[in-house]
Amino acid sequence: MNRNIYIYNTLSLSKELFKPINENRVLMYVCGITAYDLSHIGHARAYITFDVIYRYLRRLGYNVVYVRNFTDIDDKIIKKANEENSTVEKISSKYIDEYHKDMNALYISNPTYEPKATETIPDMINLISGLIKKGNAYEINGDVFFRVDSFKDYGKLSHKNIDELIAGSRIPVNEEKENFLDFALWKKSKENEPSWDSPWGKGRPGWHIECSAMSMKFLGESIDIHGGGSDLIFPHHENEIAQSESYTGKNFVNYWIHNGFVNINNEKMSKSLKNSITVRDVIDKFHPEALRLFFMFTHYRSFIDFSFKGIESAKQSLLRLYQAVNLYDEFKKLIKESGITVKKEDVSARAEGGGGRTPENIENYKNDFEVSMNDDFNTAKAISVIFDLVRKTNKIINDSMAQNVIISKDAAFLDAAVSFIKESLSGVFGLLNDDPKRFIESNLMNITAGGGVYTYIDEEEIKKLIDKRNEFRKNKEYASADEIRKSLLEKGIVLEDTGFGTTYKTTGAKQL
RNA sequence: GGCGGCAUAGCCAAGCGGUAAGGCAGAGGUCUGCAAAACCUUUAUACCUCGGUUCAAUUCCGAGUGCCGCCUCCA
């Protein structure tokens, strides 16, 4: 296993050789959601990105301790609770449940720990007290703020300088604070808000402090990787650094990893633009793995423009992957049952019709795959290695079936290749969770309206017509059979005669 | 205003100093009553423009154009 991973570090804005603090253990923290609404595809991208990183590091033999938190106390949750005449606790636990459903549906593996902010309040209070003692924070009437001026490295992650931040300020200065950049560590609670006792009276934690507290509680004062969406760089992660490093005097995080945003029509997805798409919107219509693969095709740091057309394309690619694995399974069955001969004499076999193929070495592909993943988790490149392999295995199988013979070197390569395909797709990318045969069949049966156009279909009527047409076909009355197919096509229904009967799908272009 | 990112075939997207991965769509072929599906083959000789460095640039540097993000809660 080649562990020379290069990771793009937001701190240095460059790729750095990854060296974990402990030789065989990786400490990783990823900022989770604020639980007040259904997860959107931006969340999906973030957590799929880190899921792949998590899976890959484990595959390289690292023992990864992975923490992904929940923010279950915050302004937005309080607002939602008020709107729905509910409680903060009920709202957050509801959306945590929904989130888990989505994560499971997307085959995102469970982190080692999933702490909630509200379970870590005492740790936060300790942290804040320590910061006050050290002069890094101050209290004003029950609120506690972090004194940004006290941390000389402020801005090192987002590469901003404090003076310019002040000059470019878009928000009104809070007169109470010493400096408008100072951020809340502890907020005095208002009436009817959840609150906790603290040395500064009843209140609740500010947002940033929770991640520092949870990271330190579960992983220690210094960790290897801290990740999240690129929108968290400033101010959230910048603030985390300030708090944590002021408190411990140690380096908080060695590698900061941030994933790029999901755009809709080339614009940022946001609630205010009313263009946000939930995970449910996608997986109601497409296989969850299509979303995963859609993300894998683009490097995690790039923007990605979401469209159902793109998912459709990814779905087709996914089908190709399943088809390849299925073809192999069928082929193995064929070898067993009927007689495809495995020839040992490579030279003569190839002369007879092996196609002059040069024997392949699976190690080259494995190496290319690893080198790609080691280069800042370049999944797009790694997946292209897999597709190369797919073409090779399909070809070997096709040639062998046509000639009724397979040379032993090809047979060995084929076995090794398919097992690598399966293992890397499922192990690293989290794909191929379904049985290939089932996946393919359900896909052909699937009534898809391409491009997001829904079509009304009278299923009974179509089934009757299909039966009628098959009668004609049995009697070799092909003209009448074609007539039925043609009439359905005009309504946007495509018939397909497959090995397991006649199926149909819609073109999505026409309305019934 | 400050900081940062991006611009590669019809679409999506890797590559980032040695002459363009991969996917989708399209075309041709194999198979099939015909089709479809599947599989194979095929698809970039100005890599936004103009300069520069170099034996060599899509890749580095400079200028320009066009998109986008952060600077406010946000994955």
Side-chain angles (χ1 to χ4, degrees), chain A residues 10 13 30-34 37 39-50 74-76 155 158-161 163-172 207 227-236 238 258-263 266-272 276 293-294 296-299 301-305 307 309-310 312-321 323-324 326-327 330 355 368 372 375 378-388 390-391 394-395 397-399 401-402 440 443-444 473 476-479 481-482 485-486 489 494-499 502-505:
Chain A
T10 308
L13 299 179
V30 172
C31 288
I33 55 153
T34 298
D37 208 346
S39 296
H40 56 238
I41 52 177
H43 295 116
R45 158 114 108 153
Y47 303 121
I48 286 171
T49 294
F50 289 100
D74 144 287
D75 290 346
K76 289 190 291 289
S158 52
H159 306 281
K160 295 175 186 306
N161 88 52
D163 298 336
E164 281 167 359
L165 277 171
I166 293 170
S169 160
R170 277 200 261 146
I171 52 166
W207 176 39
S230 52
D231 55 326
L232 297 180
I233 296 170
F234 189 88
H236 186 54
E238 193 70 72
H258 294 96
N259 65 275
F261 255 63
V262 177
N263 291 170
N266 249 301
E267 272 191 326
K268 179 179 169 174
M269 183 173 72
S270 78
K271 292 226 160 102
S272 52
S276 77
L293 189 56
F294 175 74
M296 295 302 101
F297 276 130
T298 304
H299 186 92
R301 274 191 287 118
S302 308
F303 290 107
I304 190 165
D305 200 46
S307 67
K309 190 185 163 196
E312 178 68 34
S313 166
K315 191 206 82 182
Q316 287 301 118
S317 309
L318 183 64
L319 226 195
R320 181 171 164 80
L321 262 14
Q323 298 274 20
N326 184 241
L327 184 65
E330 298 284 316
D368 285 351
S372 304
D375 180 14
N378 192 334
T379 54
K381 200 170 172 189
I383 206 109
S384 79
V385 175
I386 299 298
F387 276 102
D388 273 339
V390 161
R391 179 172 303 108
N394 281 339
K395 191 161 169 48
I397 293 172
N398 261 276
D399 288 354
M401 296 221 281
I440 293 163
N443 225 287
L444 290 177
R473 289 178 67 214
K476 294 199 196 276
E477 295 171 44
Y478 294 122
D482 287 349
R485 186 167 58 194
K486 206 177 143 200
L489 184 64
V494 179
L495 295 189
E496 290 173 11
D497 300 321
T498 71
T502 301
T503 65
Y504 69 91
K505 62 182 184 184

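Among the atoms of the strands shown, base atoms are found under 4.0 Å from some heavy atom of A/V262. Within 4.0 Å of A/G310, counting heavy atoms only, lies no atom of the nucleic acid at all. As judged by a 4.0 angstrom heavy-atom cut-off over every strand, A/F294 is placed among residues making no nucleic acid contact. Across all strands shown, A/D75 has no heavy atoms under 4.0 Å from either base or sugar-phosphate atoms. Across all strands shown, A/G32 has heavy atoms under 4.0 Å from sugar-phosphate atoms exclusively, and none from any base. If you check every strand for non-hydrogen atoms under 4.0 Å, A/K476 touches nothing. At the heavy-atom level, A/F297 lies under 4.0 Å from the strands shown only through sugar-phosphate atoms. Heavy atoms of A/N398 sit under 4.0 angstrom from primed sugar atoms or phosphate atoms, though from no base atom.
A distance of about 44 Å separates the P atoms of B/G17 and B/U30, rounded to the whole Å. Nucleotides B/A21 and B/U45 are separated by 13 Å at their P atoms, to the nearest Å. Nucleotides B/U19 and B/A57 place their C1' atoms 10 Å apart, quoted to the nearest Å. Between B/C60 and B/C16, the two C1' atoms lie 9 Å apart (nearest whole Å). B/G52 and B/U59: their C1' atoms are spaced 15 Å apart (whole Å). Taking atom P in both B/A63 and B/U72, the straight-line distance is 28 Å, to the nearest Å. Of the P atoms belonging to B/U58 and B/U32, the separation is 48 Å, rounded to the nearest Å. Here the separation of B/C55 from B/G64, taken at their P atoms, is 28 Å to the nearest Å.
By the 5.5 angstrom centroid cut-off and the 30-degree plane limit, A/F387 is classified as not stacked against the base of B/G22.
Counting only heavy atoms from C-beta outward, the side chains of A/E238 and A/I233 never approach each other to under 4.5 Å.
What separates CZ of A/F234 from C1' of B/G5 is a distance of 18 Å, to the nearest Å. Per the geometry, CG belonging to A/D37 stands 11 Å off P belonging to B/A75, to the nearest Å. Spacing between atom NE2 of A/H159 and atom P of B/G2 amounts to 18 Å, rounded to whole angstrom units. What separates CD of A/E238 from P of B/G4 is a distance of 14 Å, to the nearest Å. Here the P atom of nucleotide B/G4 and the CG atom of A/L13 are 8 Å apart, to the nearest Å. Distance A/D305 CG to B/A7 C1': 14 Å, rounded to the nearest Å. Per the geometry, NZ belonging to A/K268 stands 11 Å off P belonging to B/C73, to the nearest Å. Rounded to an integer number of Å, the gap from A/L318 CG to B/C24 C1' is 13 Å.
In this structure, the nucleotide among B/A25, B/A75, B/C39 sitting nearest to the side chain of A/Q323 is B/C39. Looking at the side chain of A/Q316, the nearest of the listed nucleotides B/C34, B/G69, B/C24 is B/C24. Counting only heavy atoms from C-beta on, A/H40 has its side chain closest to B/A75 among B/C24, B/A75, B/A21. For A/I33, the listed nucleotide lying nearest its side chain is B/A75; candidates were B/A75, B/G33, B/C70. The side chain of A/P235 lies closest to B/C73, out of B/C73, B/A75, B/C34. With B/G22, B/A75, B/A35 as the candidates, the nucleotide lying closest to the side chain of A/R485 is B/A35. In this structure, the nucleotide among B/A38, B/C40, B/C73 sitting nearest to the side chain of A/R391 is B/C40. In the set B/G2, B/A14, B/C39, the nucleotide with an atom closest to the side chain of A/K160 is B/G2. The side chain of A/D388 sits closest to B/G22 out of B/G22, B/G2, B/C34. Listed candidates were B/C24, B/C70, B/U72. Nearest to the side chain of A/S313 is B/C24.
For A/H258 and A/T10, the side-chain atoms include at least one donor-acceptor pair closer than 3.5 Å.
For the pair A/A380 and A/T298, the tightest heavy-atom approach, listed with the atom from each and the gap, is CB-N, 4.4 Å. In terms of heavy atoms, A/F303 sits closest to A/R45 at C-NH2, 3.6 Å. Among all heavy-atom pairs drawn from A/H40 and A/M269, the shortest one is CD2-CE, 3.4 Å. Shortest non-hydrogen contact noted between A/S307 and A/F294 is N-CZ, 4.4 Å. Between A/N378 and A/H299 the shortest heavy-atom distance is CA-ND1, 4.0 Å. Contact record, A/S230 with A/G260: OG-CA, 4.2 Å, taken as the closest heavy-atom pair.
Residue A/N161 has no polar side-chain atom (N or O) positioned under 4.0 Å from OP1 or OP2 of B/G2. Residue A/N394 places at least one side-chain N or O under 4.0 Å from the OP1 or OP2 atom of B/C40. The phosphate of B/A75 (OP1 or OP2) has no side-chain N or O of A/R301 nearer than 4.0 angstrom.
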Point to revise | Criterion side chain to side chain contact (heavy atoms under 4.5 Å, CB included) on A/M296 and A/I48, from CA distance to verdict | key: CA-CA 9 Å; A/M296 295 302 101; A/I48 286 171; 3.6 Å; yes
Review point. Where do A/S317 and A/F297 land on the side chain to side chain contact (heavy atoms under 4.5 Å, CB included) test, with the steps shown first?
Key: CA-CA 10 Å; A/S317 309; A/F297 276 130; 3.7 Å; yes
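The base of B/G23 is not paired with the side chain of A/R320 by any donor and acceptor separated by under 3.5 Å. Scanning atom types as modelled, no donor and acceptor separated by under 3.5 angstrom connect the side chain of A/N263 and the base of B/G69.
Nearer to the 5' terminus of RNA chain B, by closest-nucleotide assignment, is the contact made by A/S302 (compared with the other of A/S302 and A/V390).
One finds no salt bridge joining A/K309 and A/E312 here, because no Lys/Arg side-chain nitrogen approaches an Asp/Glu carboxylate oxygen to under 4.0 Å.
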Review point. Based on Watson-Crick and G-U pairs with both distances under 3.5 Å, what dot-bracket line describes RNA chain B 5' to 3', crossing pairs as [ ] and inter-strand pairs as |?
Key: (((((((..(((.....[...))).(((((.......))))).....(((((..]....))))))))))))....
